[in-house]
Amino acid sequence: MADVLKRIPVREQDAKERATNFEEVCYGYNKEEAMEEAARCLNCKNAKCIEGCPVSINIPGFISQVKEGNIEEAYKVIGESSALPAICGRVCPQESQCECKCIRGIKGDPVSIGKLERFVADYALENDIKPVKAEKTNGHKVAVIGSGPSGLTCAGDLAKLGYEVTVFEALHELGGVLVYGIPEFRLPKHKVVKKEIEKVKELGVKFETNVVIGKSTTIDQLMEEEDFEAVFIGSGAGLPMFMGIPGETANGVFSANEYLTRSNLMKAFDDSYDTPIVAGKKVAVVGGGNVAMDAARTALRLGAEVHIVYRRSEAELPARVEEVHHAKEEGVIFDLLTNPKEILVDDNGWVKGMKVIKMELGEPDASGRRRPVEVPGSEYEIELDTVIMSLGTSPNPLIASTTKGLETNRRKCIVAEEENGQTSKAAVFAGGDAVTGAATVILAMGAGKAGAKGIHELLSK
Ligand SMILES: Cc1cc2nc3c(=O)[nH]c(=O)nc-3n(C[C@H](O)[C@H](O)[C@H](O)COP(=O)(O)OP(=O)(O)OC[C@H]3O[C@@H](n4cnc5c(N)ncnc54)[C@H](O)[C@@H]3O)c2cc1C
Ligand code: SF4
C-alpha cells in the first residue's frame, strides 16, 4: 500500500543526459500512476484548491473522474474553465496556486494537481478529443491582437459563443511566449503547443500571421474600415530591459528574449536551420526569474559553462522552485548576492568578462523583500564570452502610440478593468501581460476569459 502522505513521483529524463539535449525533461504520469495519485484527493466539500486556481477549475471534480479512470470526462470538466490545460499543467506555478492550498499539504505532500491536469490534457491530445463548437455564428466580428495565452483564450471563448473571430499575430508562428520564450525542454512545440492551438482553430477562429498592428494596420482602421465591432488586445510584454552599465552594447551581450527567440522560434540549436546563435563557452545570465532559468538551461544545452548572477539570495529567486531545482541538477552554477557593475570588452568589441560586486541583504523594501546593498570594496572580475540580460520586460508602446484614446500607465501598460478587460476606448478590451506587465500564463488566460465576457456583454445587448 502506497504512503498516502507522499505524492506519486513523476518520471524524468536523467539530469546528465538531458543537459545535452532539448527533449522534454518531465515525462509525466501514465494512466496507472495518475489514477493512484488521484486516489489521494479527499474530494473536499469546500475545496480550497479551487480558490488557488486563477481560472477556478473544478479540481476535485476532474480528479474524481481520473480516479475512476474516466479521462475523457475529466477533460470535459477541465475544459469548462481552461482552454490550454496541456500548457498550464506544465508551466503554471502550482506550488503557489492550487497545490499550496491543498488540504493534503498540511500533513504531507499536496496532491499533484498540475501533473494530473497535464496527464488528462495529453490524453485528450493523443486521442484527438475535440472541443465543442458553436452551432452557428452570430454575425458579430471581433479582432484579437496577439496569439499568446490571453489572445487564444479570448478568441476560443468568443468562438464558442458564435462570434466570428480573427487573431492578428506579428510573428510568423502562433503562440506568443509559448513558442518563442519557453523552451522545448519544458514545453514541446509540436506535441503540445501546436496541437492546443489546432483546437482553437477547430472552434472556427481565423488566424493571420505576419501582421503587426500599429504598422501593417491600426486598431482604428480595423474598426472603421474592416467592420470589427470590438477588439481585444493581448499583445504581451515583449520589450526587454537592460541595466545601463558600461559595455552593455558589446558583441556577445544578448537580451534573454533574443537568445530564446533564436533558439526556440528559429531553432538555432539545430544546425539544419539557417538562424545562427553564439553558443558561448562561459556564459553569465543576469537575473533570477523563469526567463533567466530558461536562458541558462538553453546555454547549457548548447555546451557552455553557465552562471546565474543574481543580486539577492536563493530564498528571493522569483523563478519556480521546480525550475531552479532542475537547473541545479543539470549543472547551472548560482552566483548569488552578486551584481554586475561593468561588462569588460576586448579590442575587437567582444565580451571578455564582467566586473561584479558582492551584495548583502539590508532592510525590507516597499515590496517586503530585503533590499540588496553593495559590500564596499568587494568588486572582482570574472572571465566570460557571453552575457544574457534577463532583467524583465515591459509592453511594447507601438499599439498604445497608434490607437486614439487608449490610456496607458507609468509602466507603459494598457489600463483595463480587471473584471471585463474594458480599456479607456469604447469597444476596445485588453488583458494579459500587456495590462499587468510580465506575469504568468494562467493569469493571461484568466484575463482573456474576462475580455471575452466583456465583449459578449457589449455585443449581445
Ligand atoms: C522565457 C519565459 C519563460 C516563462 N515561463 C513561465 C512559466 O514557467 N510559467 C508561467 O506561468 N509563465 C511563464 N512566463 C510568462 C508567460 O509566458 C506570460 O505571462 C504569458 O505568455 C503572457 O501571455 P500574453 O497572451 O499576455 O502575451 P504573450 O505570450 O507575450 O503573447 C503576445 C503576442 O502578441 C504578439 N504581438 C505583440 N505586439 C503585436 C502587434 N503590434 N501586432 C500583432 N501581434 C503582436 C506577440 O508577437 C505575441 O505572440 C514565461 C515568460 C518567458 C518570456
Ligand atoms: S484541496 Fe487537495 S485534497 Fe482537497 S479537493 Fe483539492 S486537491 Fe483534493
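Counting starts at 1 for both ligands and their atoms, in listed order. These numbers come from a predicted model, not from an experiment.
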Report task. Indicate, with yes or no, if the rings of Phe185 and His326 have centres closer together than 6.0 Å. Result -> no
Query raised in the report: What's the shortest distance from atom 13 (C) of ligand 1 to any protein heavy atom, and which residue and atom give it?
Result: Ile182 CD1, 4.2 Å
Query raised in the report: Counting distance only, does the side-chain N/O of Arg18 pair as donor-acceptor with the main-chain N or O of Glu23 below 3.5 Å?
Result: no
Query - Minimum-distance protein heavy atom relative to atom 18 (C) of ligand 1 - result: Asp433 OD2, 3.2 Å
Query raised in the report: Any heavy atom of Arg90 sitting closer than 4.0 Å to ligand 1?
Result: no
Query raised in the report: What are the atoms of ligand 1, with element, lying closer than 4.0 Å to any heavy atom of Leu171?
Result: 47 (O)
Query raised in the report: Hey, is Asn396 touching ligand 1 through its side chain, its backbone, both or neither, going by heavy atoms under 4.0 Å?
Result: neither
Query raised in the report: So His456 and Tyr163, ring-ring contact (aromatic ring centres under 6.0 Å, His included) or not? Walk me through it.
Result: CA-CA 9 Å; His456 184 49; Tyr163 288 87; 5.7 Å; yes
Query - Protein contact of atom 31 (O) of ligand 1 - nearest heavy atom, named by residue and atom, plus distance - result: Gly148 CA, 3.4 Å
Report summary line: Nearer than 2.8 Å to atom 8 (Fe) of ligand 2, the protein contributes N, O or S atoms numbering 1
Query raised in the report: What residue and atom, counting heavy atoms only, is the protein's closest point to atom 37 (C) of ligand 1, and at what distance?
Result: Ser235 O, 3.2 Å
Report task. Say whether, by atom type as modelled, one donor and one acceptor occur between the side chain of Glu316 and the main chain of Ser313 under 3.5 angstrom. Result -> yes
Query - Check: Pro397 main-chain N/O paired with Ser401 side-chain donor or acceptor under 3.5 Å - result: yes
Requested in this report: Before accepting this row, confirm whether a basic side-chain N of the pair Glu24/Lys191 lies closer than 4.0 Å to the acidic partner's carboxylate O.
Outcome: yes
Query raised in the report: For Ile8, does its backbone N or O pair with a side-chain atom of Glu37 as donor and acceptor, under 3.5 Å?
Result: yes
Query raised in the report: Applying a 4.0 Å heavy-atom criterion (strictly less than), which segment of Ile399 is in contact with ligand 1: side chain, backbone, both, or neither?
Result: side chain
Report summary line: Ranked by distance from atom 45 (C) of ligand 1, the top protein heavy atom is Ala170 CB, 3.7 Å
Query raised in the report: Is the shortest distance from a heavy atom of Gly238 to ligand 1 less than 4.0 Å?
Result: no
Query raised in the report: Would you find a donor on one side and an acceptor on the other, under 3.5 Å apart, between the side chain of Lys141 and the backbone of Glu226?
Result: yes
Requested in this report: Please identify which atoms of ligand 1 are closer than 4.0 Å to at least one heavy atom of Ile145.
Outcome: 42 (N), 43 (C)
Query raised in the report: Within the distance-only criterion (no hydrogens, no angle test), does the side chain of Arg40 pair as donor or acceptor with the backbone N or O of Lys6 below 3.5 angstrom?
Result: yes
Report summary line: salt bridge (Lys or Arg N to Asp or Glu O under 4.0 Å) filter on Lys199, not counting sequence neighbours, yields none
Query raised in the report: Looking at the rings of Phe119 and Tyr29, which for Trp means the six-membered one, are their centres under 6.0 Å apart?
Result: no
Query raised in the report: Taking NZ, NE, NH1 and NH2 as the nitrogens, is one of them in Glu198 or Lys194 under 4.0 Å from a carboxylate oxygen of the other?
Result: no
Query raised in the report: Taking atom 48 (C) of ligand 1 as the point of reference, which of Met445, Glu323, Glu169 owns the nearest heavy atom?
Result: Glu169
